[in-house]
Asker: 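If you scroll down you'll find the structure; I have some questions about it.
All values below were derived from every heavy atom in this structure, side-chain atoms included, with hydrogens, water molecules and symmetry-related copies excluded. Source: prediction; values computed, not measured. Note on naming: letters A, B, ... go to the chains in the order of the sequence lines (proteins, then strands), and numbering restarts at 1 for each one.
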There are 2 protein chains.
Amino acid sequence: MTSTWEDFFAKHPPPQDLNQTENLLKTFIEKHLKENNKVVLITSGGTMIPLEHNTVRFVDNFSAGSRGATSAEYFLEHKYAVIFMYRLKSLEPFTRHFIGHKVLDMLNLTEEADKCTVTVVPEHTEKVAMVLRKYKKTMKQDKLIQISFSSLTEYLWLLRTVCQALACLKDKALLYLAAAVSDFYVPFDEMSEHKIPSSGPPTISLQLVPKMLEPLVSLWVPEAFVISFKLETDENVLVSKARTALNKYKHNLVIANMLQTRKQQVIIVSKENDYVLSLTNEQMKNGEEIEKFIVDDIVLKHKDFSKLRSSNSTYRFISIT
Amino acid sequence: MTSTWEDFFAKHPPPQDLNQTENLLKTFIEKHLKENNKVVLITSGGTMIPLEHNTVRFVDNFSAGSRGATSAEYFLEHKYAVIFMYRLKSLEPFTRHFIGHKVLDMLNLTEEADKCTVTVVPEHTEKVAMVLRKYKKTMKQDKLIQISFSSLTEYLWLLRTVCQALACLKDKALLYLAAAVSDFYVPFDEMSEHKIPSSGPPTISLQLVPKMLEPLVSLWVPEAFVISFKLETDENVLVSKARTALNKYKHNLVIANMLQTRKQQVIIVSKENDYVLSLTNEQMKNGEEIEKFIVDDIVLKHKDFSKLRSSNSTYRFISIT
């Protein structure tokens with residue numbers, strides 16, 4: 001049984017600090033509306049589904065958040081302002097470059113008399129400096145805010161809140177919904193209060209999550225450019241599923257990818273056509289990132305979309321007078 | 001239905017790099033056996049249960065890994081060598097102090113002529129230097145190795161492997177099993193090959209994981225000092241459950257804690273008695289850590305255990321001759 005999206009919001013209380021987030025968003029979006037900047041919402045990472053109110057166990061979706069964190073940096077290079085809505089502890093723009101390194105192995109300690117200095121070792125200085133430069137520029141220009149979520153419920157509340165705040169930007173808003181959102185959940189009123197005893201019959205009954213893309217496209221940000229992602233492990237169903245989603249929700253683009261090859265290849269699926277973007281093995285070896293090519297492609301499409309909308313509205317205006 | 005532990009290992013293939021890990025462990029343990037050091041295995045973080053072979057979805061256990069990562073540092077202060085077996089991306093000793101800080105906000109960039117230096121900002125230097133000093137000493141003395149796992153299967157294979165390597169240390173080995181190990185799993189041969197379609201009936205049938213503490217205590221490390229953890233959200237069942245585990249598996253200690261208060265209070269449960277260790281609100285405010293008191297307590301118990309064992313074996317020796 002699937003409940004409606006209205007039911008979902010009626011039944012599941014919002015995150016406690018939603019007001020604060022709303023204020024943060026309002027200031028950010030007003031600034032960029034005034035400066036005539038495009039703003040992209042990037043969602044990133046997986047959502048967790050608590051199985052108990054006092055959560056010990058949860059169902060989760062595999063996602064490190066690479067796609068979202070990497071894309072954020074490329075959107076910033078294209079002068080977009082970025083709202084980065086990410087799963088707590090998943091990858092973040094800029095800091096993502098240092099994951100896997102032992103940060104402490106990158107530091108040197110010099111103690112002289114009563115002065116102690118900690119410096120990045122020469123071997124890593126260039127890379128750290130490059131990232132640090134871009135990071136500081138972004139923060140100085142106030143081009144990035146980060147909002148974190150953990151559970152599906154938090155994600156959905158935040159998604160609606162950000163959309164409502166973005167609506168005033170009209171076609172200047174881009175939605176890049178890369179988060180791995182669970183299709184299933186345990187409704188609030190069916191959750192066990194305490195840790196499920198390990199002696200009990202361990203069967204978990206999940207329900208389908210209402211599809212939020214529907215109200216998002218038709219009601220929350222009807223004038224924005226909206227991109228969703230489709231991840232599959234079976235190649236035979238990939239493009240057909242992407243196309244089904246596109247027909248159903250009437251948004252602008254689906255980026256389809258296979259779990260196994262997602263860092264090398266994606267398929268861009270629109271109403272008009274679908275085509276592959278991919279990196280050669282040589283490019284992979286050189287550390288190039290497919291997100292650069294995805295974002296380049298989308299930025300052009302977003303421009304065309306805005307042009308078309310403004311020419312349409314001009315046309316309509318002329319025909320009315 | 002619960003299968004036996006033998007069944008589990010027969011059915012579930014080992015992690016691919018298990019040989020490498022075995023070699024790493026062998027070298028580490030030989031060194032510390034020779035130097036007459038005590039060695040503690042700390043397990044830390046949650047285990048994930050894949051729901052599909054090409055894993056997109058999984059069931060997980062809530063655990064940041066604070067207990068394990070923090071305790072590791074205190075065991076090192078007591079001169080133990082530490083095998084830190086942790087869930088990938090959960091907290092690690094030393095680096096745990098910098099989680100939550102934006103690492104990039106802690107760095108300053110100085111560019112002079114063609115020389116570029118990255119330095120930790122003065123405000124954070126003292127804290128970073130203190131941690132860095134301890135970290136570098138630990139690594140220089142080769143006192144810490146870290147082994148990561150993600151899935152329950154990886155965890156169990158690694159646990160057995162480490163135990164088998166530790167057995168030669170006899171009572172000098174301490175097992176501090178703080179990981180949040182799932183009680184449930186989906187057996188390898190019942191897992192879906194591809195992503196479970198979101199149209200299907202979303203019911204997940206889990207089976208009980210065989211209790212590995214049983215062979216661990218009786219077969220793998222029969223002479224070691226073994227401590228397990230019990231986390232509950234319902235206070236009424238906490239100590240009784242801890243005691244049941246102790247009677248069943250015949251190991252040395254259970255550390256019982258409530259999800260809600262685990263950073264302030266634990267109950268140490270042994271065959272003889274149980275008592276509370278806790279921090280005052282004042283101590284909490286000052287940033288003291290309950291793991292210091294837990295580890296202090298355990299180190300004493302481990303000493304007594306070794307004394308008792310060696311006096312028993314002398315006694316046995318005398319009575320035989």
Asker: Examine distances only and state if a side-chain atom of R67(A) and a backbone atom of R262(A) form a donor-acceptor pair shorter than 3.5 Å.
Answerer: yes

Asker: Given 3.5 Å as the limit, does a donor-acceptor pair link the side chain of T43(A) with the main chain of A179(A), or not?
Answerer: yes

Asker: Side chain from CB out, backbone as N, CA, C, O: work out which of these in E126(A) comes under 4.5 Å of a heavy atom of chain B, or both, or neither.
Answerer: neither

Asker: So that I know where these two stand, are Y185(A) and H12(A) an aromatic pair - ring centroids less than 6.0 Å apart?
Answerer: yes

Asker: Hey, which of I49(A), V128(A), T125(A) has the most heavy atom pairs under 4.5 Å with chain B?
Answerer: T125(A)

Asker: If you count heavy-atom pairs under 4.5 Å between each of V59(B), V131(B), V237(B), N108(B) and chain A, which one has the most?
Answerer: V59(B)

Asker: Are the charged groups of K241(A) and E232(A) less than 4.0 angstrom apart, N to O?
Answerer: yes

Asker: Sort F94(A) into side chain, backbone, both or neither according to what part of it lies under 4.5 angstrom from a heavy atom of chain B.
Answerer: both

Asker: Is any side-chain heavy atom of L216(B) closer than 4.5 Å to a side-chain heavy atom of L213(B)?
Answerer: yes

Asker: Most heavy-atom pairs under 4.5 angstrom with chain A, which of V118(B), T119(B), V120(B)?
Answerer: V118(B)

Asker: Taking every heavy-atom pair that is under 4.5 Å apart, which of L107(A), D105(A), T117(A), D60(A) has the most such pairs with chain B?
Answerer: D60(A)

Asker: Using modelled atom types only, decide if a donor and an acceptor are shared between the side chain of E154(A) and the backbone of S151(A) within a distance under 3.5 Å.
Answerer: yes

Asker: Side chain, backbone, both or neither: which part of V121(A) has a heavy atom under 4.5 Å from chain B?
Answerer: neither

